[in-house]
Participant: 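Sharing a structure, written as C-alpha cells. Questions coming.
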Amino acid sequence: MAAILQEAARRRTFAVISHPDAGKSTMTEALALHASAISQAGAVHGKSGRRGVTSDWMEMEKARGISITSAALRFEYRGHMFNLVDTPGHADFSEDTYRVLAAVDCAVMLLDAAKGMEPQTLKLFEVCRHRRIPVITFVNKWDRPGREALELLDEIEERTGLKPTPITWPIGTGGFFHGVADRTADRIVRYTRTPGGATKAIETDLSAEQALAELGGDWERAKDEIDLLSAIGSDHDQKTFEAHESTPVLFGAALSNFGVGRLLDAMVDIAPAPTPRPDVAEDPRPLEEPFSGLVFKVQANMDPSHRDRIAFVRVCSGRFERGMVLVHAATARPFATKYAQSVFGQERATIDEAYPGDVVGLVNASALRPGDTLYDGPPVEFPRIPSFAPEHFSTARVRDSSRSKQFRKGIEQLDAEGVVQVLRSDVRGDQSPVLAAVGPMQFDVVKHRMAAEFNTEILMDRLDFGIARLTDAESAPILARQRGVEVFTRSLDGVLLALFTDEWRMRGVMRDHPDLVLNALLADT
Ligand code: GDP
C-alpha cells in the first residue's frame with residue numbers, strides 16, 4: 001500500500017496545450033529529448049516525414065500535418081514518472097481536447113511570444129478553470145522578436161484572471177535571448193545554442209558581476225523588471241497555483257531547448273501528483289484503494305493491420321497489473337486486461353503494471369466508452385466527463401443505399417467512441433441522423449473514417465443551427481412546432497436536445513413560451 005502512495009507521489013500527469021503553431025509538437029519533442037526518453041530529437045516529431053512517435057497513424061493526419069488522436073508519452077526525469085497526454089493539435093476544437101483534460105493533473109500552456117493570448121489559448125484556459133486544473137504557462141519562441149515580457153504578463157492576468165507568477169525571467173528580447181534569471185532558484189543562466197539546434201542547449205551559470213559584464217544593458221533591464229515583480233508580489237505561491245488562481249510563468253524557446261529543463265524541474269517541484277478522485281457521490285477514492293480507472297478516450301482502428309479498438313484509461317487508484325479482470329461499472333460486466341499497452345503514435349509497448357496517474361491503453365475494448373469507470377475491489381463510479389455544447393451540426397446520409405447496414409454500424413461505432421454526437425428524430429428517420437460537433441473538423445474525421453474503415457461514402461450537409469439546449473418531453477412538442485427549431489434525441493444518453501439557429505431566435509421562443517424547459521449544456525455555464 002505504501003508502495004502505491006510512493007509511486008503515485010512520483011507521477012506527473014499533464015498535457016501540453018496551446019493555440020496551433022505555438023510550438024506544442026516542438027515542446028513535446030524537447031521535453032522527451034531532455035528527459036532522454038528518446039536519444040535524438042526528431043523521433044517524436046512526425047511532421048517532416050521522419051518516422052514519428054506522434055500520432056500520425058491516419059492518412060488524413062499525414063496529409064494535413066495534424067494530430068487527431070491522443071495518446072500518452074511516458075518518460076522518467078529526476079526519479080519521477082511523467083505521463084504526457086497528447087491533445088489534438090488542429091485549429092478546431094474538438095471534444096477530445098476536453099476529454100484529455102479530464103485525465104491530467106496539470107497543464108502546460110504554451111504562448112507564442114509574439115502573439116500572446118490567441119483564441120484557443122483563451123478557450124483552453126477556460127476549460128482548465130472549469131476543471132480546476134492548475135496551469136503552468138511557458139512563453140515560447142523567446143529567441144524571436146516578440147512582445148514585451150511585462151506586457152504579456154498583463155495580458156495573461158487581464159484575459160484569464162489568473163495571477164502570473166514568473167519563475168524565470170528572460171534576459172534579452174527581440175531575437176537576442178541570452179538566458180534567464182531564475183527567480184526561485186536564485187540563479188542567472190546563460191543559454192548557448194548547440195550546433196544542430198535540436199539537441200540539448202548549453203547552460204552556464206553566471207554571477208551577477210559576470211551577467212553585468214557580459215550581458216550589460218539587457219541584464220540591467222531584466223534586473224529592474226525582476227525587482228518590480230518582487231515589489232508587486234508576483235512570486236510563485238503553491239496554494240493559489242493549485243487552486244487555479246495563479247499561474248507560474250517560464251520563458252524559453254523549445255526549438256533550441258532553452259528553458260525546457262527548467263520546465264521539467266518545475267513540474268517535479270510544483271506540479272501536483274495524483275490526488276484521490278471524487279466519485280459520483282463526491283467521495284474521493286483513496287489512492288491506495290484497489291484499482292480504479294477512468295476511460296477518457298476510445299480509439300478504433302489505430303493500426304490498419306489490426307482492426308482493434310483501444311480504450312485509454314487513466315489510473316485513479318491502486319495498482320494495475322496486466323491480466324487483471326476488472327469490473328466495467330456501466331454494465332457490471334467483467335473486463336479482462338490481457339492486452340494492456342502504452343501507446344504513443346505508432347509506438348506501442350506492453351504495460352505490465354501501472355499506478356495512479358499512468359495511462360494504459362486497453363486493446364479489444366469494444367464495450368468501453370469515454371467516461372466509463374473500471375475497477376477492482378470495492379465498486380466505484382466516477383462522474384462522466386461532461387460533454388460540451390455542440391455548435392456545429394450536419395446531416396449524414398449514405399451515398400449508395402446498398403451500404404446502409406455498414407453506414408448504420410459505422411455511425412454507431414463513431415458515436416460510441418465519441419467522435420461526434422449522433423442525434424436522431426422521428427421526422428428525419430433512422431437513416432438520416434444529424435451529427436453534432438464542438439469543432440467542424442470532427443465532421444471531416446467522420447467522413448474519412450466512414451470511407452476508410454467502413455468502406456462507405458457519406459454525404460453531409462451542414463445545418464444552419466448554432467445552439468443546442470437540453471429540454472424535456474413536455475417542452476419538446478411545443479418546441480418542435482416553432483420556426484427555426486428542431487428537437488432531437490441524443491443517441492448516447494437519450495436526452496432531448498432542441499437546436500436553434502441562433503441566440504436571437506432562441507430568446508424569441510423563450511419570450512413567447514416562458515414555461516419551456518431549456519437548459520444550457522456545460523460549455524455555456
Ligand atoms: P504546434 O502546432 O503547436 O504543434 O507547433 P509546432 O511545434 O509545429 O511549431 C510551429 C512552428 O514554430 C514550427 O515551425 C517550429 O519550428 C516553430 N517553433 C516552435 N518552437 C519554437 C521556438 O522556440 N523558437 C522558434 N524560433 N520557432 C519555434
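Whatever order the structure lists ligands and atoms in, that order sets their numbers, starting from 1. Just so it is clear, the values below take in all heavy atoms, side chains as well, and ignore hydrogens, waters and symmetry mates.
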Participant: I need the contact type for Ala253 against ligand 1. Using non-hydrogen atoms and a strict under-4.0 Å cut-off, is it side chain, backbone, both or neither?
Facilitator: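 Under 4.0 Å from ligand 1, Ala253 contributes backbone and side-chain atoms.
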Participant: Between Arg129 and Glu126, does any side-chain N to carboxylate O distance fall below 4.0 Å?
Facilitator: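 The answer is yes: the pair qualifies as a salt bridge.
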Participant: Return yes or no for this condition: an N or O of Met27 is under 3.5 Å from an N or O of ligand 1.
Facilitator: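 Among all N and O atoms of Met27, none is under 3.5 Å from an N or O of ligand 1.
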Participant: Checking contacts here: is it the side chain or the backbone of Asn140 that comes within 4.0 Å of ligand 1, counting heavy atoms only? Could be both or neither.
Facilitator: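 Only the side chain of Asn140 comes within reach of ligand 1.
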Participant: Taking the six-membered ring for Trp, are Phe393 and Phe465 parallel (under 30°), tilted (30 to 60°) or perpendicular (over 60°)?
Facilitator: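 Perpendicular, since the angle between the ring planes exceeds 60°.
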Participant: N/O to N/O below 3.5 Å, does that happen between Gly23 and ligand 1?
Facilitator: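 Yes: some nitrogen or oxygen of Gly23 is under 3.5 Å from one in ligand 1.
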Participant: Any idea which atoms of ligand 1 are less than 4.0 Å away from a heavy-atom of Lys24?
Facilitator: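 Listed by number with element: 1 (P), 3 (O), 4 (O), 5 (O), 7 (O).
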Participant: Quick one: do the Asp218 and His178 side chains pair a donor with an acceptor below 3.5 Å?
Facilitator: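 Present: a donor and an acceptor within the cut-off.
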Participant: Looking at Arg78 and Asp269, is there a salt bridge between them, counting it only when a charged N and a carboxylate O are closer than 4.0 Å?
Facilitator: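 Result for this pair is yes, salt bridge flagged.
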Participant: If you measure from each non-hydrogen atom of Ser256 to ligand 1, which part falls under 4.0 Å: side chain, backbone, both or neither?
Facilitator: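 Under 4.0 Å from ligand 1, Ser256 contributes no heavy atoms.
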Participant: Can you check whether Gly252 has an N/O within less than 3.5 Å of an N/O in ligand 1?
Facilitator: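 Between Gly252 and ligand 1, no N or O pair is found under 3.5 Å apart.
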Participant: If we set the cut-off at 4.0 Å for heavy atoms, which region of Asp143 has an atom near ligand 1: side chain, backbone, both, or neither?
Facilitator: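 Under 4.0 Å from ligand 1, Asp143 contributes side-chain atoms alone.
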Participant: Got a sec, which residues hit side chain to side chain donor-acceptor pair (under 3.5 Å) with Asp182, two or more places apart in sequence or on another chain?
Facilitator: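 Side chain to side chain donor-acceptor pair (under 3.5 Å) check on Asp182 returns Thr184, Arg262.
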Participant: Heavy-atom contacts under 4.0 Å between Arg144 and ligand 1: side chain, backbone, both, or neither?
Facilitator: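 Side chain only.
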Participant: Residues in side chain to side chain donor-acceptor pair (under 3.5 Å) with Glu118, at least two apart?
Facilitator: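 Result, side chain to side chain donor-acceptor pair (under 3.5 Å) vs Glu118: none returned.
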Participant: Could you tell me whether Asp205 and Arg190 have a side-chain N and a carboxylate O separated by less than 4.0 Å?
Facilitator: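 Looking at Arg190 together with Asp205, the answer is no, because their closest N to O distance does not fall below 4.0 Å.
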Participant: Can you sort out which atoms of ligand 1 are near Ser18, meaning under 4.0 Å from one of its heavy atoms?
Facilitator: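 Reading through ligand 1 atom by atom, the close ones are 3 (O).
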